[in-house]
Amino acid sequence: MEDTEQVEEILGRYPSEREHLLPALQEIQEKVGYLSRDTMERVAHFFHLPPSEIYSIVNFYKKFRRKPVGKNPIHVCLGTACYLLSGKLILDAFSRELHIETGDTTEDGRFSLDVAACFGCCKVAPVSKINDQIYPRMTPGKVEEVIIN
């Protein structure tokens with residue numbers, strides 16, 4: 001099903017009152033993967049709101065993505081244990097190596113970079129996750145190695 005059809009189907013399940021806006025945006029992102037400009041304009045029309053209001057909401061909440069997720073999503077844990085054990089340095093190393101910022105996707109669509117609050121792997125912190133594989137005891141020096149594999 002095309003993204004447009006999916007968006008219309010999802011919106012059709014919601015009343016057009018404003019209190020349903022966030023759940024609708026969350027469901028659209030869950031199904032489509034991100035919220036494109038066209039999607040945000042469709043949502044604005046459906047909820048009888050100006051598109052600028054939808055853009056503001058999507059930009060305010062970090063959980064919303066405006067770009068497609070890469071084929072290999074990378075999540076760097078910044079929960080307390082991982083953060084204290086250099087999680088931010090690991091995130092910065094991924095960012096440098098991939099030439100993207102947090103929330104972005106590489107130009108070739110291979111990787112996207114995001115943070116996570118916690119994977120529940122504090123015993124082997126700091127951790128990162130690529131696709132469904134957890135990389136324990138990560139260091140900035142291991143970033144290039146795990147990207148190549």
Side-chain angles (χ1 to χ4, degrees), residues 1-7 9-11 13-14 18-44 47 49 51-149:
M1 188 182 303
E2 293 224 0
D3 291 353
T4 303
E5 292 174 13
Q6 283 185 303
V7 170
E9 179 190 323
I10 291 165
L11 289 174
R13 293 196 297 266
Y14 288 91
R18 184 180 170 86
E19 65 256 22
H20 302 285
L21 174 60
L22 285 177
L25 287 171
Q26 289 170 320
E27 186 176 347
I28 291 167
Q29 179 167 286
E30 185 179 310
K31 298 285 191 239
V32 178
Y34 71 109
L35 300 169
S36 69
R37 182 182 183 104
D38 182 58
T39 296
M40 288 187 271
E41 288 174 1
R42 288 177 188 282
V43 170
F47 283 100
L49 296 167
S52 61
E53 191 165 340
I54 305 303
Y55 301 144
S56 295
I57 290 168
V58 169
N59 286 320
F60 177 78
Y61 290 103
K62 291 188 181 270
K63 64 182 167 187
F64 291 126
R65 295 186 60 86
R66 295 181 323 177
K67 298 177 184 176
V69 177
K71 292 177 186 148
N72 302 289
I74 298 170
H75 292 88
V76 178
C77 180
L78 291 184
T80 304
C82 291
Y83 184 84
L84 291 173
L85 293 169
S86 303
K88 179 72 170 92
L89 294 175
I90 295 164
L91 179 64
D92 292 344
F94 274 112
S95 181
R96 275 191 313 277
E97 190 67 34
L98 296 169
H99 307 288
I100 58 173
E101 298 297 317
T102 304
D104 287 341
T105 301
T106 56
E107 285 186 24
D108 63 5
R110 286 186 57 209
F111 297 100
S112 55
L113 181 62
D114 274 308
V115 298
C118 185
F119 293 125
C121 302
C122 302
K123 188 174 181 178
V124 293
V127 299
S128 295
K129 182 172 124 178
I130 302 176
N131 295 314
D132 292 324
Q133 183 172 348
I134 297 285
Y135 291 87
R137 295 183 176 87
M138 274 296 295
T139 66
K142 291 181 182 177
V143 166
E144 183 179 2
E145 177 187 328
V146 299
I147 290 173
I148 292 171
N149 290 335

Do M40 and V58 pass the side-chain contact (heavy atoms from CB on, under 4.5 Å) test, and can you show the C-alpha distance, the side-chain angles, and the key distance before you say yes or no? CA-CA 8 Å; M40 288 187 271; V58 169; 3.6 Å; yes

Nearest-0.5 Å distance, OH of residue Y83 to SG of residue C77: 12.5 Å

With R37 via salt bridge (Lys or Arg N to Asp or Glu O under 4.0 Å) - residues at least two apart: E41

Hey, are the side chains of T102 and V115 touching, using non-hydrogen atoms and a 4.5 Å cut-off? yes

Between D104 and L113, is any pair of side-chain heavy atoms under 4.5 Å apart? no

Check whether any side-chain heavy atom of R66 lies under 4.5 Å from a side-chain heavy atom of Y55, and answer yes or no. no

Apply side-chain contact (heavy atoms from CB on, under 4.5 Å) to the pair L25 and F64, showing each step before the final yes or no. CA-CA 8 Å; L25 287 171; F64 291 126; 3.7 Å; yes

With the side chain counted from C-beta on, respond yes when T4 and R42 share a heavy-atom pair under 4.5 Å apart, and no when they do not. yes

Check: D108/T106 side-chain N/O donor and acceptor closer than 3.5 Å: yes

For K63 versus Q26, what's the shortest heavy-atom pair and its separation? NZ-NE2, 2.6 Å

Would you check if the side chain of N72 reaches a backbone N or O of F111 as a donor-acceptor pair within less than 3.5 Å? no

M138 and F94, any side-chain heavy atoms less than 4.5 Å apart: yes

Quick one, V69 and Y34 - any side-chain contact, counting heavy atoms below 4.5 Å? no

Is there side-chain contact between S128 and V146, with heavy atoms separated by less than 4.5 Å? no

If the threshold is 4.0 Å, N to carboxylate O, is there a salt bridge linking D92 and K88? yes

Test item: P73 and N131 side chains (from C-beta on) under 4.5 Å apart, heavy atoms: yes

Tell me whether S112 contacts the main-chain N or O of G70 through its side chain, where contact means a donor paired with an acceptor under 3.5 Å. yes

Ignoring hydrogens and geometry, is there a side-chain-to-backbone donor-acceptor pair from S95 to I100 under 3.5 Å? yes

Check ion pair R65-D114 (N to O, under 4.0 angstrom): yes

Is the Y14 ring parallel, tilted or perpendicular to the H20 ring (thresholds 30°, 60°)? tilted

Would you indicate whether K142, at its atom NZ, is surrounded by more than 12 heavy atoms from other residues, nucleotides or ligands within a distance under 6.0 Å? yes

For E19, does the CD atom sit with more than 12 other heavy atoms under 6.0 Å from it, leaving out its own atoms? yes

